[in-house]
Amino acid sequence: MRKFTPLLLLLFCLSLSLNVLAAAGIATAHPLATKAGEEILRAGGNAFDAAIAVTAALAVVEPYSSGIGGGGFWLLHRARDGFETMLDGRERAPLKAHRDMYLDEQGNVIDGLSVDGPLSAGIPGVPAALEHLANNYGVLSLKQNLQPAIRYARQGFKVDEHYRRMANFRLKALQASPAAAAIFLDKNKVPDTGYVIRQLDLASALQLMAEKGADGFYKGMFAEKLITGTNQAGGIWSAKDLQQYKVVEREPIRGQYHGMKITSAAPPSSGGIALIEILNQLSAFPLEKMHDSQLTHLVVEAMRRAYRDRAEYLGDPDYVKMPLERLISAEYAAGLRAGIHPQKATPSELLPGVEKNYPGTDTTHFSIIDQQGNRVAATLSINYPFGSCFVPPGTGVLLNDEMDDFSSRPGTPNVYGLVGAEANAIAPGKRMLSSMTPTFLETKDRIAIIGTPGGSRIITMVLLGALVFQQGDDAERIVNLPRFHHQYLPDIIFYETNALAEQTINQLQQMGHQLKASEQSWGNMQLVIKNKADGSITAAADSRGLGAADIIH
Ligand code: GLY
């Protein structure tokens, strides 16, 4: 026995040093949000506390992407027992909403009504989700976790070029809301770089949440201000809308791809279902042996079929029955695969048709793992840049325009005379369909916490990331991977200019694909990877954005 003592001691020291070395990792779309998460981890918070701090900080410093006037999905993994859940803090339609609310008397969609101003806003879910996270998963108080964001709101943050681009894109809509213009513009114009955006009303709103929890937002004087301001400008909110808002914990969607476990967002996000439906179709193809055009063709065909199903079947699980088991089954994937021609594009018009629906393009994602192994992948949104561009006076809360993620005109035949998208029709209290895809990937060696903004392209970005993660690529390569995308309608492969070589483009065209190079890159992926063998962490923020990744020892 004594002979073994030094060995045991050595093993004990080694495991101690691994524990000491165990690191945490954070990747977010803004350096101040990453710092907020780090501050909370260093103060003894876990990944869930850090997620609260990061969510609130992003609401302040990335007002064009997410906010307490918006919603999101937080995918959680608790290390102590392996429990996994998805917090659904998605916005709900106001109770006075109805399916034709964005149509004129002729049944045509009224331009802008579901995008700009208070009528486009769903009932926010972020405040309820933050309280839920703190009460059920964090170890610090909500109050402590909100402190960095309150500080940022009071002290302000500096306008950068990205902010200017976003504000310029939404300038008219921002100018239409005096309270929004006073906060986000400088004398009604896009502020110069370096201009400091201070948000004192937002700081007070966060402070109220710090003192009273979600009730500080959904009840009392503050709620009255939100409702009065919204309705005086043409909105349809009621006290009941705010009082009734509830976060829902949903079972994540799970799948497998060549031994890699996928855990992803459940409806009302389409992300997990579409991601797994695509991977299932691809699983029988030897992609690693294929040349680029063959591989791109097959990936595109699988995307096309999953996006068609997304539009046809998916919506709020509390309102619609969906064939989820079937959509992610191997048998269903085999059927879809059988319809893919190895050398020829399937025109989308030959697949059963559905209404066109192009979700918004601005959102944010962050990924966190703490020293204990708790994980959060969260994708949050107010939909379009600066959401509805409307702030109820005196609240500092920029409202989302997530109502645009509903199908404004379901049931109307598309150009091919076919109908669909009924599952995502507007109804009072219903959650609108999302593409947000916060995801965990796990191979035998590594764990990834991955996600990105990017509207309908979110799912295909996470897909491409998952495919190369499975093949062993590192965090930097994955987030910076050039991207291509197909979403059934329009029937076009969109690609970043460096994603496809000229020869590949020619070959895809010969197969019958239409392609369009995107002038702008898309996405802003945030990724944290844990190596199972030694516990080491790597993290990367997409170089297309301004984000920051950090490892904390
Ligand atoms: N608003 C973007 C999404 O939820 O997909």
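Indexing begins at 1, ligand by ligand and atom by atom, following the structure's order.
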Looking only at distances, please establish whether an N/O atom of ligand 1 is found under 3.5 Å from an N/O atom of Thr363. no
Counting only heavy atoms, which portion of Ile458 has something under 4.0 Å from ligand 1: side chain, backbone, both, or neither? neither
For the rings on Phe469 and Tyr257, is their centre-to-centre separation under 6.0 Å? no
Is the contact between Glu402 and ligand 1 made by the side chain, the backbone, both, or neither, using heavy atoms and a 4.0 Å cut-off? side chain
Is NZ or CZ of Arg457 both nearer than 6.0 Å to the six-membered ring centre of Phe494 and within 45° of the ring axis? yes
Arg90 and ligand 1 - part of the residue with a heavy-atom distance under 4.0 Å: side chain
Under 4.0 Å from a heavy atom of Met436: give me the atoms of ligand 1 that qualify, with their elements. 3 (C), 4 (O), 5 (O)
Can you confirm if the aromatic rings of Phe484 and Tyr495 lie within a centre distance of less than 6.0 Å? no
Mind checking whether Gly455 has a heavy atom under 4.0 Å from ligand 1? no
Using a distance-only test with no angle check, is there a side-chain donor-acceptor pair under 3.5 angstrom linking His132 and Glu249? yes
Between Ser434 and ligand 1, which part of the residue brings a heavy atom under 4.0 Å of the ligand: side chain, backbone, both or neither? both
Does this structure show an ion pair linking Asp401 with Arg170, if we count only N-O contacts that are shorter than 4.0 Å? yes
Taking 4.0 angstrom as the limit and counting only heavy atoms of Asp405, give me the atoms of ligand 1 inside it, by number and element. 1 (N), 2 (C), 3 (C), 4 (O), 5 (O)
Would Arg78 pass as a cation-pi partner of Tyr137, given that its NZ or CZ must be under 6.0 Å from the six-membered ring centre and within 45 degrees of the axis? no
